[in-house]
Structure formats: structure tokens, C-alpha cells
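Heads up: the structure comes next, in C-alpha cells.
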Protein chains: 2
Amino acid sequence: MSDVNGEAKAAGDAPGLTSTVVFRLGTLGTVATDRFTREIEQLGLKPKHVGLMAALSLAAAASQQELAARMGVAPSLVVSLADHLESLGAVQRIRDPQDRRRQVLTLTEEGQGLLKRCTSMARTLDEEFTAGLTKTQRKALTEALRVMAKDAGLP
Amino acid sequence: MSDVNGEAKAAGDAPGLTSTVVFRLGTLGTVATDRFTREIEQLGLKPKHVGLMAALSLAAAASQQELAARMGVAPSLVVSLADHLESLGAVQRIRDPQDRRRQVLTLTEEGQGLLKRCTSMARTLDEEFTAGLTKTQRKALTEALRVMAKDAGLP
DNA sequence: TATTGTTATACTCTATAACTATA
DNA sequence: TATAGTTATAGAGTATAACAATA
């Protein structure tokens, strides 16, 4: 029987799990992240480090806890991520004089440069991942992902 | 300044990391998998269990090792996944009489039913994730994901 | 007493390595 | 001796809980 999806199935079967958006987002997301992880390794970074820098570049954080909430991770994780980024000179911790419990994180010039290099690497990977798509398809994909991310409360 | 991507940025800045396909696939993939994980929990399953069943439904496995290679996981992981699925009656281990070292895994009727329920759950989540898209956009997204998955060697 | 950041601890996932049975 | 499956062990990643400083 003909099968546009390339999915092995008996006659009369509905399209299977592997053709769902959820399954494909999950599997492609893993592959994409794995490839990205390998690229940024040379910078001494892991995805969450980059995520933290990206979050900071989008909006300054009032505190580490507020940042943790935005990133959807535990505050204790922000501590170790920030520790590492600080050791690389990518972020600075500055005590809030108004409330000395708070540590205000800021992205340094070094951090901005690092983030820029990561962004450039991601763009190169984008080319790779979308190489099989027409320009029109690429545009449509980008827009669809943007809308879904927005609806899911993601940046 | 105007910004279609909703991304905070200074004048002259290029679109940032968060608007790349790689970043969006990664983050949306995580959210999608987390949501799916919560759904299948009631069936006593985790994503990799479903992945194993899906792999079996696409093509019979000659051995657990061959299946592990197809799934991109360690053979020892297939053991524990199959252990659990066997305890649920979802798969059967049958010794290959030609080579008694091999365990041939087969999806039982129970397993097929379980997989069907998971697929149905994934379809419901698809609706949720793509709710903000037009029918045309949804179609374009599905096709783009299909092509990228194929190019990445995914089912 | 409540909150921020930190440290200590534990848990989940999965891989590597050692082991057993069969070839 | 080599291979399939299994079991034992270890590492990465991250959360929860206990703790210290400040409010």
C-alpha cells in the first residue's frame, strides 16, 4: 500500500506515533541539542550555561531565584551554572545594595562575545538541519516554531 | 524598535540564539516530551518504553542488540526496558531456536493496544501544541518535521 | 520570621564494564 | 575465541532539603 510517511503499517492502520508532532519534536530536539552540545564543548559550555546567558541577554535578572523561575530550573542549579560562567568571566555577580541578600547577575562583554559565538554555531546547525527544506518550507517552519514557543511560554 | 520575533535586542543586533531552529527544537522538544511523559505515566510507561514499542511496531527486531542500535541506546538499557514491558505483558521474549543466545522481542496484542493509546495521547497533545497555527501552517510544520527527521536518520 | 543564596544529599537516567551462556 | 544478553557499577545532570546571611 502507498505510504507518504514512509511508515511501515498494515492496511487500514492510522498513521503511527512516530509521525506525530510531539514525537518528532522530542526526537529532533534531542538530536539538535546533542549536536549543539558537541559544538559548544570547545567553549567550555553546556546547553544550560548558554541558556542562562541567553536569558540574561533577553532581560536582566532581579535575582538568581527570579532567573531560575524564568529558566524553569532549581535555584541551586543557577548557582552552579553561574559559578562556572563567572569562572569564565562571562557573568558578574554584584550584590544588590538595596537588599544585600540578592546577587544581581550581569552578562559581561566576554559573556556577550561567548553568546554571540554560540548563536553563530546554532545558525550553522540550522543550515544543516534544514538543508532538505525549500526556502519556503524553512520560512514556514521558523514561523510555526515561533508561534508554538510563544504559546508554550518559551522565549 | 519594531521586533517581529518579540526578542529584546538593541538596535542593529542580529536575531538572537532563541530564534534559531536548533534552540526552538530543543526547548519545544523538552516541553513536548515532559507533557507526554506525564500522560503516559498512568500507563506505567516512560518515553523510552514507548520508543521501544514504536520501534518494534515499525519493524521486527532480529535481536535486542540490533534494536538497541536502531534506538541509539546501550544494549543494557534495552534489557531493563524490555524487562518492564514484559512485566506489563506488552512484549514477549522468545529464544531464537537457530541461535539460542538471541532473544527475539515481539509486540503482544497488549503491547499493540498500549502503543495505540500512547499514539492517541500524542495526537491530543499535537492539537494542543499546534492550536495557535492555521491548518496550512500545521500541514507545513508536519511536512518540514518529516523531512528533517528523515534526513537525520530518524523514523 | 521570611527570603536569598549556598551547600549537602539523593534520585533518575543511562552508559561502561564485568560476567554468563551459547556459539 | 567471539557474541548475545544480563548484572554490577559508575557518571552526568538536576532536584530537594538543610543551612547561613540578611531582611
Side-chain angles (χ1 to χ4, degrees), chain A residues 26-27 29-38 40-41 44-53 55-56 60-87 91-106, chain B residues 26-27 29-38 40-41 44-53 55-56 60-87 91-106:
Chain A
T27 49
T30 300
V31 173
T33 302
D34 285 353
R35 287 285 289 109
F36 186 62
T37 302
R38 244 193 293 156
I40 62 179
E41 198 172 19
L45 297 172
K46 304 217 168 161
K48 298 259 150 134
H49 296 123
V50 182
L52 193 156
M53 291 194 292
L56 277 188
S63 68
Q64 289 184 187
Q65 302 225 0
E66 188 260 322
L67 186 59
R70 246 165 49 199
M71 292 179 64
V73 301
S76 60
L77 182 54
V78 172
V79 173
S80 61
L81 295 174
D83 279 351
H84 182 64
L85 289 170
E86 199 175 28
S87 81
V91 302
Q92 255 186 333
R93 277 181 169 108
I94 303 170
R95 285 237 172 253
D96 181 345
Q98 256 65 48
D99 183 343
R100 291 183 42 73
R101 289 173 303 182
R102 284 181 154 83
Q103 300 265 39
V104 179
L105 289 178
T106 60
Chain B
T27 52
T30 299
V31 173
T33 302
D34 286 352
R35 288 284 291 106
F36 185 62
T37 302
R38 243 193 294 156
I40 62 178
E41 197 173 19
L45 298 172
K46 304 215 168 163
K48 296 260 150 135
H49 297 123
V50 182
L52 193 156
M53 290 194 293
L56 277 187
S63 68
Q64 291 184 186
Q65 303 224 359
E66 187 262 321
L67 185 59
R70 245 165 49 199
M71 293 178 63
V73 301
S76 60
L77 182 55
V78 171
V79 173
S80 60
L81 294 174
D83 279 351
H84 182 65
L85 289 171
E86 198 174 30
S87 80
V91 303
Q92 257 187 333
R93 278 183 167 106
I94 303 170
R95 286 238 171 252
D96 182 343
Q98 257 64 48
D99 182 344
R100 292 183 39 73
R101 289 172 304 182
R102 284 182 153 83
Q103 300 266 39
V104 179
L105 289 179
T106 61

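Because the structure is a prediction, the values reported are computed rather than measured. Just so we're on the same page: letters track the sequence lines, and every chain starts at 1. Hydrogens, waters and symmetry mates play no part in the numbers below; they use all other heavy atoms, side chains included.
At a threshold of 4.0 angstrom between heavy atoms, the contacts of Ser76(A) include nucleobase atoms, whether or not backbone atoms are also involved. Among the heavy atoms of the strands lying under 4.0 Å from Val73(B) are primed sugar atoms or P, OP1, OP2 only; no base atom is included. In this structure, Gln65(A) reaches the bases: a heavy-atom distance under 4.0 Å links it to at least one base atom across the strands shown.
At distances below 3.5 Å, not a single donor-acceptor pair connects side-chain atoms of Thr33(B) with backbone N or O atoms of Thr30(B). Not one N or O on the side chain of Arg95(A) forms a donor-acceptor pair closer than 3.5 Å with the backbone of Gln103(A). Glu66(B) contributes a side-chain N or O that, together with a main-chain N or O of Ala62(B), makes up a donor-acceptor pair within less than 3.5 Å. At distances below 3.5 Å, not a single donor-acceptor pair connects side-chain atoms of His49(B) with backbone N or O atoms of Ala82(B). The closest donor-acceptor contact from the side chain of Arg70(B) to the backbone of Ala55(B) lies under 3.5 Å.
A 4.0 Å heavy-atom criterion places the boundary nucleotides of DNA chain C facing chain A at dA2(C) to dT7(C), written 5' to 3'.
Atom CD1 of Ile94(B) is separated from atom OG1 of Thr106(B) by 4.0 Å, given to the nearest 0.5 angstrom.
At a threshold of 4.5 Å between non-hydrogen side-chain atoms, the residues Gln92(B) and Leu105(B) do not count as touching.
Rounded to whole Å, atom P of dA4(D) lies 11 Å from atom CD of Glu66(B). Atom NZ in Lys48(A) sits roughly 17 Å away from atom P in dA12(D) (whole-Å rounding). Per the geometry, CG belonging to Leu81(B) stands 14 Å off C1' belonging to dG5(D), to the nearest Å. Here the P atom of nucleotide dT14(D) and the CG atom of Leu77(A) are 6 Å apart, to the nearest Å.
Closest approach of Val73(B) to Lys48(B), counting heavy atoms only: CG1-NZ, 4.0 Å.
Nearest-nucleotide positions on DNA chain D for Pro75(A) and Pro75(B) put Pro75(B) closer to the 5' end. A residue-by-residue look at Lys46(A) and Ala62(B) shows that Ala62(B) has its nearest nucleotide of DNA chain D further toward the 5' end.
Between Leu45(B) and the options Leu85(B), Leu52(B), Leu81(B), Thr37(B), a side chain to side chain contact (heavy atoms under 4.5 Å, CB included) holds for only Leu85(B).
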Check: protein-nucleotides 18-23 of chain D nitrogen or oxygen pairs below 3.5 Å:
residue	atom	partner	partner atom	Å
dA23(D)	OP1	Arg100(A)	N	2.8

